[in-house]
Amino acid sequence: MRTFRKRAPRALALTGAVTAAALLLAACGDDEPMKGMDHGGSPASSSASASASAGDFNDADVMFAQMMIPHHQQALEMAELADGRAEDAEIKRIVAAVEKAQDPEIQKMKSWLKGWGRPESADMDHGMTGMMSEQDMKDLAALKGKDFDRKFAELMIAHHKGAVEMARQEQKNGGNAEAKALAGEVVRAQEAEIAELGKILGRL
């Protein structure tokens, strides 16, 4: 009994310490996953943070990106036709501006759609405004010099107007801040180019 009385306090203290340690570990164990979820500590949350706007978009944002990607791609195809065909220096400058701006925008919109878990293209029950027909593209490719410059300006004005119309719809109905900002840039840049192309047409 003496031995028991001597060791009892120490045994109780040891038991209490083990219990406290267990509770502390349990608390830490519960807290760590929460930290990972809240602050991006886990791989899943890290990938989510790579696309900061993944959780903030609506159908208008998706449609804007899905429609503007092929629209921009056709503008790049038109710009490629200028190589060896365009004569006017101002036309060539606008061609360079289109190539510089629109390819990076295509890549940006593709990354959004990937982050949103949406396809790059979708079946659409309505056409995209400003798109050239296959015949338009063939006619443009058959021209050179001032004839090319004039036709290019006419077609690009119509093409840009279509892009501006889609961008204004995104500004009005979109929910994603980055997409709406890009729409604003499309409006600003392409309205300026429409004005320049109109002046070029006036002197050709």
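Heavy-atom basis, side chains included; hydrogens, waters and symmetry copies ignored.
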I would like to know whether Leu76 and Ile106 meet side chain to side chain contact (heavy atoms under 4.5 Å, CB included); could you show each step before the answer?
CA-CA 10 Å; Leu76 291 176; Ile106 288 170; 3.7 Å; yes

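- In terms of heavy-atom proximity, Arg85 sits nearest to Leu143 at CD-O, 3.4 Å.
- Checked for salt-bridge contact, Glu165 and Lys161 miss the test: no charged N lies under 4.0 Å from a carboxylate O.
- Counting non-hydrogen atoms of other residues, nucleotides and ligands closer than 6.0 Å to CG of Asp59 gives a total of 12 or fewer.
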Under the side chain to side chain contact (heavy atoms under 4.5 Å, CB included) criterion, do Met137 and Leu81 qualify, and how do the steps go?
CA-CA 9 Å; Met137 298 297 286; Leu81 290 176; 4.1 Å; yes

Can Trp116 and Asn176 be said to form a side chain to side chain contact (heavy atoms under 4.5 Å, CB included), step by step?
CA-CA 11 Å; Trp116 296 339; Asn176 182 270; 3.8 Å; yes

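- Salt bridge status for Glu105 with Lys108: absent, with no side-chain N to carboxylate O gap under 4.0 Å.
- For Gln135, the CD atom sits in a packed shell: over 12 heavy atoms of surrounding residues, nucleotides or ligands are nearer than 6.0 Å.
- Between Asp149 and Lys146 there is no salt bridge, since no side-chain N of the basic residue sits under 4.0 Å from a carboxylate O of the acidic one.
- Taking the charged nitrogens against the carboxylate oxygens, Glu191 and Arg168 do have a contact shorter than 4.0 Å, which makes a salt bridge.
- Atom CG in Asn58 sits 12.0 Å away from atom CZ in Phe64 (nearest 0.5 Å).
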Test Leu182 against Met109 for side chain to side chain contact (heavy atoms under 4.5 Å, CB included), laying out the working first.
CA-CA 9 Å; Leu182 178 60; Met109 289 183 285; 3.8 Å; yes

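- The side-chain contact (heavy atoms from CB on, under 4.5 Å) test with His71 is passed by exactly one of Gln74, Met67, Met68: Met68.
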